[in-house]
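What follows is a short report on a single structure.
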Amino acid sequence: MSGPVVLVVGSGGREHAILDALARSPRRPQLHAAPGNPGIAGIATVHPVPAADVPGIVTLAGELEAELVVIGPEAPLANGVVDALAAAGIACFGPTAAAARLEGSKAFCKDVLAAAGVPTGAHTVVETVAAGLAAIGDRFPAVIKADGLAAGKGVVIAGDAAEARAALESFLIEHRFGTTRVVVEEYLEGEECSLFALCDGVSALPLASAQDYKRIGDGDAGPNTGGMGAYSPLGRIDAAAAASICARVHQPVLDELARRGSPFHGLLYAGLMLTADGPQVIEFNVRFGDPETQAILPRLRSDLLELMLAASVPGGLAGVSLEWDPRPAVTVVLASAGYPESGGPPVVIDGLDALPDGVHLTHAGTRREADGSVLTDGGRVLNLTALGDDLAAARTLAYAGAAAVSFPGAQMRTDIAAAAASSGHGPAGPPTGSTGSVAR
Ligand code: AMP
Ligand code: GLY
């Protein structure tokens, strides 16, 4: 007997990892993806509907008679795909457009955090360069963020007034990210941690902690990227610490959104700075993070399908607890030449069929040619994940996986989880005084 029809929307390594976890469900779901990628095509039926095509996704879900639609990326969430699916009577894992504003608008997010009493850096919203400079005063480094959904790609850490002016001008005069408002924020010092929680509109259930490596180069050098690797969990954020942070961060936000009539269903991702004064929120995302998901989900022993179905029902996660593989996981990203500035030219990938045992491969930016060869297709190309008895063992195996595949110009960081493997803690935060934009 075949199980429920599930449609996963998106085309990256995150969606591949979600589908891998769903494929382990004892309910044996019939898996579909839109648009998917060549890796996903090995475990799901793929449909050529772009993730951003909201009416197309609703039509496809109806044709498939999907019991659940899982939305990977933020853009369709912000554009109301969950609202449209709900209107068509189709259950979804993901928030409504109203709740998704938590990621779409930094100013909205700050307003919710303040109302919910959740710790976050002090901030001012400005609309002119002069107001921005006045808000910064002489406090450097200063954090300057473009508001709007491009915000994740528009964060500058300015080391001095000249850098601050340049950033404010590029956001507010050149409208580099199409936004007219900027958030000027207090600089937070510490170690970064991503903590995801499954949410059913009423309560938040934390997943294992993870750390993302945002810069392109070893030692956090160079520009920001969508993420060059991850590991899970952080030594100092075990299940008890994650539950305590979730109670202080995710749950009050969920309560506040419910109070505003926008209950949050789906995955609430808190980007945290673990400061000397405790965890502070850097940002919220309203979907799984990429590449943290690739490191987190292979460790999940609970049935992701059951959890996602439960999260789509108000209060459905009550009484649920999660089971994890105790072994840590490390994910290494292979990116194209030219990333993050450009996606790089399509080139043939070798070695995909000869990975060491125990390495989990997820495709992030690939395409398959008619002759069966697989080409790079975009910035981040492949993710290699391994579990190990400790972080050092997980690193060794993940990097053995990365060494087994090759394509011209491939870039990877060689220090994913290295500091944590030797100290039991994560690496220090990114350097100050540098600027950069986050590319996907
Ligand atoms: P965001 O898109 O808000 O996650 O910002 C991208 C990156 O900029 C974060 O991962 C941090 O490394 C850095 N960052 C953002 N806000 C702050 C802050 N208030 N203090 C220090 N670093 C920050
Ligand atoms: N890992 C960062 C993000 O998914 O936004």
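For the pair Gly378 and Ser336, the tightest heavy-atom approach, listed with the atom from each and the gap, is O-OG, 2.7 Å. Considering every non-hydrogen atom in both Gly388 and Arg327, the closest pair reads O-CB, 3.1 Å. Across all their heavy atoms, Asp389 and Pro328 have their closest contact at O-CD, 4.0 Å. When all heavy atoms of Pro233 and Ile237 are compared, the pair lying nearest together is CB-O, 4.3 Å. In terms of heavy-atom proximity, Pro223 sits nearest to Pro340 at CG-CG, 3.8 Å.
Asp325 has no carboxylate O lying under 4.0 Å from a charged side-chain N of Arg299, or vice versa, which leaves the two without a salt bridge. Salt bridge present: Asp290 and Arg380 bring a charged side-chain N and a carboxylate O closer than 4.0 Å. Ion pairing between Arg395 and Asp415 fails under the 4.0 Å rule for side-chain N and carboxylate O. Comment: Arg139 does not engage Glu186 in a salt bridge, judged by the lack of any side-chain N to carboxylate O separation of less than 4.0 angstrom. Remark: Glu185 does not engage Lys106 in a salt bridge, criterion side-chain N to carboxylate O under 4.0 Å. Remark: Glu191 engages Arg236 in a salt bridge, criterion side-chain N to carboxylate O under 4.0 Å. Using a 4.0 Å cut-off between a side-chain N of Lys or Arg and a carboxylate O of Asp or Glu, Glu192 and Lys214 qualify as a salt bridge.
Going from atom CG of Leu168 over to atom CD of Glu174 covers 11.5 Å, rounded to the nearest 0.5 Å. The CG atom of Leu85 lies 5.0 Å from the CD1 atom of Ile90; values are rounded to the nearest 0.5 Å. Annotation: the span from Thr120 atom OG1 to Lys110 atom NZ amounts to 3.0 Å, rounded to 0.5 Å. Note that SG of Cys193 and CG of Leu274 are 5.0 Å apart. Values are rounded to the nearest 0.5 Å. Taking CZ of Phe108 as the reference point, atom CG of Leu102 lies at 6.0 Å (rounded to 0.5 Å). Within the model, atoms OH of Tyr187 and CE of Met273 stand 6.0 Å from one another, a figure rounded to the nearest 0.5 Å.
Inter-residue side-chain proximity for His363 and Val381 is flagged as unmet; no heavy-atom pair is nearer than 4.5 Å. Looking at heavy atoms from C-beta onward, Trp324 lies in side-chain contact with Ile296 at the 4.5 angstrom threshold. Counting heavy atoms from C-beta outward, Leu384 and Leu355 have side chains that approach closer than 4.5 Å. Here the side chains of Met308 and Val70 are in contact, with some heavy-atom distance below 4.5 Å. Taking the side chain as every heavy atom from C-beta outward, Pro35 and Pro48 never approach each other to under 4.5 Å. The closest side-chain heavy-atom distance from Ser232 to Gln211 is not below 4.5 Å. Annotation: side chain of Thr124 is not in contact with side chain of Val183 (no heavy-atom distance under 4.5 Å). Residues Ile282 and Gln280 have side chains not in contact (no heavy-atom distance under 4.5 Å, counting atoms from C-beta outward).
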Please assess Asp111 against Arg101 for the test salt bridge (Lys or Arg N to Asp or Glu O under 4.0 Å), listing each intermediate value before the final yes or no. CA-CA 11 Å; Asp111 186 55; Arg101 287 178 67 208; over 6 Å; no
Could you walk me through whether His32 and Val5 satisfy the side chain to side chain contact (heavy atoms under 4.5 Å, CB included) test, starting with their C-alpha distance in whole Å, then the side-chain angles of each, then the deciding distance to 0.1 Å, before giving a yes or no? CA-CA 7 Å; His32 294 262; Val5 174; 3.8 Å; yes
Please report the C-alpha distance between Arg260 and Asp255 in whole Å, then the side-chain angles of each, then the deciding distance to 0.1 Å, and finally whether the salt bridge (Lys or Arg N to Asp or Glu O under 4.0 Å) criterion is met. CA-CA 9 Å; Arg260 295 181 182 208; Asp255 294 343; over 6 Å; no
Using side chain to side chain contact (heavy atoms under 4.5 Å, CB included), reason through Ile71 and Cys92 one step at a time and then give a plain yes or no. CA-CA 8 Å; Ile71 310 298; Cys92 231; 4.2 Å; yes
Might you work through the side chain to side chain contact (heavy atoms under 4.5 Å, CB included) test for Val126 and Leu133, ending with a clear yes or no? CA-CA 9 Å; Val126 298; Leu133 290 171; over 6 Å; no
What do the steps show when you test Ser194 against Glu292 for side-chain hydrogen bond (donor to acceptor under 3.5 Å, both in side chains), and what is the final call? CA-CA 8 Å; Ser194 302; Glu292 296 99 309; 2.6 Å; yes
Assess the residue pair Leu391 and Val330 against the criterion (side chain to side chain contact (heavy atoms under 4.5 Å, CB included)); give the C-alpha distance rounded to whole Å, side-chain angles, the decisive distance to 0.1 Å, and a yes or no. CA-CA 7 Å; Leu391 271 179; Val330 172; 3.7 Å; yes
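Counting only residues at least two apart or on different chains, the side-chain hydrogen bond (donor to acceptor under 3.5 Å, both in side chains) pairs with a member in residues 304-317 are Arg27-Glu306.
In the model, Asp218 has a side-chain atom that pairs as donor or acceptor with a side-chain atom of Thr414 under 3.5 Å. Side chains of Glu323 and Ser302: no donor on one and acceptor on the other come within 3.5 Å. Checking Asp303 against Ser25 by side-chain atom types alone, a donor-acceptor pair falls below 3.5 Å.
For the side chain to side chain contact (heavy atoms under 4.5 Å, CB included) with His16, the qualifying choice from Leu361, Ile40, Thr366 is Ile40, the only one to do so.
Judged by the 6.0 Å distance and 45° axis criteria, Arg176 is not positioned over the aromatic ring of Phe171.
For Arg248, there are no salt bridge (charged side-chain N to carboxylate O under 4.0 Å, His left out) partners, not counting sequence neighbours. With sequence neighbours excluded, the residues that form a salt bridge (charged side-chain N to carboxylate O under 4.0 Å, His left out) with Glu169 are Arg165.
The aromatic ring centroids of Tyr269 and Phe288 lie 6.0 Å or more from each other.
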